[in-house]
Each structure stands twice: as structure tokens, then as C-alpha cells.
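Notes for the one structure printed next.
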Amino acid sequence: MAARTRAKKLSRAELREHALAAASAVGVPAACDVVVAGGGASGLVAAIAAAEAGARTCVLEQDLECGRKILATGNGRCNFANEDLDPARYRNGAFVAKVAGARWLEEILGFFAASGLAWASEEGRLYPLSRQAASVRNVLLARARRAGVTLAPARKVTSVAPAAGGWKVSFSPAAPGEKGAPQAGGITARAVVMAAGGGSELARGLGLSTVAEGPVLCALACEPENNGLELALVDGRRAHAHARLLRGGSELWAEDGEVLFRPWGLSGICVFDLSRRAEAGDAIISLDLTCGMTDAQLETAAATGTADGVLDPQVAAALGAAGGNPASALATLRQARDLHFLVTDRAETEHAQVTRGGLAVTGFSPETLECASQPGLFACGEALDVDADCGGFNLAWAWRSGQVAGASAAALALSQNRK
């Protein structure tokens, strides 16, 4: 029996060189109907929508491969939508509701079903059945290629400017000087879809209104407020909690979820959601580590002389619980109902899941996502000043806004071609 041979594993440098070579082999046309600036989640869907409507479509993406960031979503599992797509969970929610329409989830699931994706629900969060983000990315890339989209990665869009009969989009190599890197160039198009995160940089020369960009969905730097919990003593410990965000004594948001204690503050999914609403110095996070247990329930638990049956033992010790003392255990449990932390800043922003800001939504039609002041210019996804909570909400916006922008851009381009 012949021995099986294992292919040599390529180094990172070799993988990068191969990716650059593959990108350079893609020929960017001199002209097309629709150019999509950004080949991430919203950009790929916009390109598919445009191409399937009959428009010659090209995607310019600065990363070495299109859709690469999708692979990191949902800890590599890609929570691609949510069964409860509530516009209230979005910044500029009224605008989002108009763009998404009444059949938002149906539109998304119909699109992915037609792309060959199967999925499963976990407490309302939708994941590919494989639980692999690569499944989502791969079906998008395959559908884009079937539709005839030109996918041109390793090309950073440097300018978008009006030109005779449409737009001129210029790009430079994302890895200048590296072996196999593409060359700089430009492409003319009837319509442009801006789908790159932020969007402010390309908007500077177009007179578009923008909102300052910054990271959200990240950890929060905090200081304990008279609660007796020294964060350094519980570094790395996790607890399920009812978390509330307070300002001036009023509750801004509340959510149940896992909290991760760090020596400098708090992390965890529910804290990420609070980070979208918290401002440094004037917001308090209140944690109930008993998750709403009644007085009677706390007394029963404390009668054993320990708080460890309710709290993480290390957290209970840090709060001062004395073993074998029912009174001490009850005091600790009552204290754990309302631990206060003053928010001082956002933290670990380099790992933030979303960028807030970008193009102001007031400049775009919610029906078509076309720019009011620059006809033929469209935007979707993170290019616009829209962000949402964790749980598949941000990707749901990317997919639906991409569908709207891509289809609208194609309709405009094709109508101009017929003139």
C-alpha cells in the first residue's frame, strides 16, 4: 500500500506571496458599470446584487483576499444574523428600519439559501450549520464568481471622483514594492458603491458630511465604586451577570450575559454592548452577579455558611466572604447584587469588533442608499454611520444594505447604458 504523503505546509511569507501573485493575476477592466470599493461582507453582497441584475461589476479590496475579515467574526463561527432584527439595537435605527424593510430577515435568509448556505439557531443567533465562518465567506465568493464579478484584492482605493458619464476610481497596490504586488491603476464606472469601513477618507474630496470614527463593541476600562471588589484579585474570572448602564441614576441599557473581570476593567459580550452607549466619566455599570435572586433565595444559600454556591469562589473571597459564617455569606451575596464601576475609557480598542462613524446617513436615500449630493455614488455596511450590538446585528446590516446599494447602483448604471 502506497504511503500517504502530506503536502508541505507553507510559511506565512509564502502564503502572502501566493496571495499577492493571485491578486496580481486578476485583470482590472478599464471600465465597468459598477465599482464596489471594499470587498468585505457588505461589499461582496453589493457586488453580487449588482452583477445578478446585469451590471458589469468589479470589487476593489485592499486586503490580500476578499472577505477575509468574515473569517474572524463570531470567534470564527460567524454569527451572521439574528432572529430578532430590532432597529432599536442600531445607531440611526430609524434610517436602518427604512433601508431594511419589513421583510429584513426573510431577505437575508432567502439570499443565503440561494447561495447554498445551511444554518442553525442558538438562542436566536444564526450560525452556519458547519459553525465555520469560512462557509459564509466561501458561498459568497462562489456566488460572486458565478455572477461574473471581477474580484480584485490587494488594491487600495485612493480616490473616487466624478468623471464624464460617471466616476473615476483610482487605486494603488496594498503592498507596494512586494514581490507579485499588483500595479496602481484606475477604472471608470457608471456607479460606485462605497463599502469600506469608515468611509470618511474617500469622502473628503466629495464634500460629504461625515461623523468622527472610533471603535465600539470593545472592553471598558473601569474603576470600582465603593463595592469592595478589587479587580486585580479577580483577573481572568468570568461571571454571568445582569448588567445595567446608568447615567445620572437613570438606566440607559440592561443586558444579561457573561462578564470577564480584568485588572483594568470589564470585558465580555454584554460589556461590549454597553460600550456602544457608555461615555467616559459619566456612566456607571451596575452588575448583579446573583442574576435577580430573591432575598429568600439568598438567605437559603447563605445559611450554608458560604457564598460559593452562588458566586465564583474567587469573586466571593475578593468580596470578603468569610467561610463558615452565614452572616458574612449573606452580606457578600447582597453586595454582589449591585456592584458599581465607573467607566473611565474604552479599552483594548485594537480588538474592537466595529468602527462607529463614517458617512452621515442624512446624506443618503434610505430607499436606494444613493448619495443625495452625488448621484451615482452609493454606500453600505460600515461605510455609513451605522453600528449595532453583538449577536449578528452588524452582519445583518451589512448583508441587507449591500443588497439595497448593489441593486440600486446596477439599476442606475443600466438605465444610463440604455440612453
Side-chain angles (χ1 to χ4, degrees), residues 72-77 79 82 84 86 88-91 122-125 213-292 310-312 314-316 318-319 335-357 382 386-395:
T73 60
N75 290 322
R77 301 170 72 220
N79 174 198
N82 195 290
D84 182 18
D86 183 358
R89 302 195 74 139
Y90 290 79
R91 180 172 169 89
E122 295 181 11
E123 298 181 341
R125 299 184 179 207
E213 297 169 27
V216 291
L217 290 188
C218 58
L220 289 170
C222 302
E223 295 177 355
E225 284 226 321
N226 303 322
N227 59 34
L229 181 61
E230 187 176 340
L231 288 170
L233 297 179
V234 292
D235 181 27
R237 307 308 294 177
R238 299 174 184 270
H240 197 81
H242 178 65
R244 297 187 300 143
L245 184 68
L246 309 173
R247 180 171 294 136
S250 298
E251 182 177 293
L252 298 180
W253 191 258
E255 188 162 327
D256 292 341
E258 187 179 78
V259 173
L260 170 63
F261 294 104
R262 300 307 312 275
W264 40 259
L266 305 173
S267 187
I269 296 300
C270 69
V271 175
F272 285 10
D273 287 345
L274 297 185
S275 76
R276 296 185 55 245
R277 302 163 174 91
E279 296 297 335
D282 72 342
I284 297 290
I285 294 177
S286 168
L287 297 181
D288 177 2
L289 303 187
T290 74
C291 296
V310 176
L311 304 177
D312 176 294
Q314 194 165 322
V315 173
L319 287 172
Q335 186 180 5
R337 274 178 163 176
D338 192 21
L339 301 176
H340 280 200
F341 302 86
L342 174 68
V343 177
T344 58
D345 202 356
R346 293 189 174 94
E348 296 190 323
T349 53
E350 68 276 13
H351 301 303
Q353 296 185 13
V354 174
T355 298
R356 167 168 291 172
E382 279 195 74
V386 173
D387 63 86
D389 293 325
C390 298
F393 298 102
N394 286 289
L395 279 177

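The first residue in the sequence is number 1, and the count goes up from there.
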Within 6.0 angstrom of Glu123 CD, more than 12 heavy atoms from elsewhere
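No, CD of Glu123 has 12 or fewer neighbouring heavy atoms, counting only those of other groups under 6.0 Å.
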Examine distances only and state if a side-chain atom of [X] and a backbone atom of [Y] form a donor-acceptor pair shorter than 3.5 Å.
X: Arg244; Y: Glu251; result: no
X: Ser275; Y: Ala219; result: no
X: Asn394; Y: Asp387; result: no
X: Gln314; Y: Leu233; result: yes
X: Asp273; Y: Cys390; result: yes
X: Asn82; Y: Phe393; result: no

Identify whether the distance between the nearest side-chain nitrogen and carboxylate oxygen of [X] and [Y] falls below 4.0 Å.
X: Asp288; Y: Arg337; answer: no
X: Arg89; Y: Asp84; answer: no
X: Arg277; Y: Glu255; answer: no

Can you name the residues that form a salt bridge (Lys or Arg N to Asp or Glu O under 4.0 Å) with Glu223, not counting sequence neighbours?
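Salt bridge (Lys or Arg N to Asp or Glu O under 4.0 Å) check on Glu223 returns nothing, list empty.
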Is there a side-chain contact between Leu339 and Leu319 in this structure, where contact means two heavy atoms from C-beta onward sitting under 4.5 Å apart?
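Contact flag for Leu339/Leu319 side chains = yes.
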Return the minimal non-hydrogen interatomic distance between [X] and [Y], and the atom names on each side.
X: Ala278; Y: Leu245; result: N-CD2, 3.8 Å
X: Arg262; Y: Leu231; result: O-CB, 3.4 Å
X: Ala318; Y: Val234; result: CB-CG1, 3.7 Å
X: Ala283; Y: Leu342; result: O-CD1, 3.7 Å
X: His242; Y: Cys291; result: N-SG, 4.2 Å
X: Arg91; Y: Arg276; result: N-NH2, 3.3 Å

Report the relative orientation of the aromatic rings in Phe341 and Phe261; use parallel for angles under 30°, tilted for 30 to 60°, perpendicular for over 60°.
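Ring orientation of Phe341 relative to Phe261: tilted.
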Among residues at least two apart in sequence or on other chains, which ones pass side chain to side chain contact (heavy atoms under 4.5 Å, CB included) with Ala221?
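Listed in chain order: Thr344, Asp345, Ala347.
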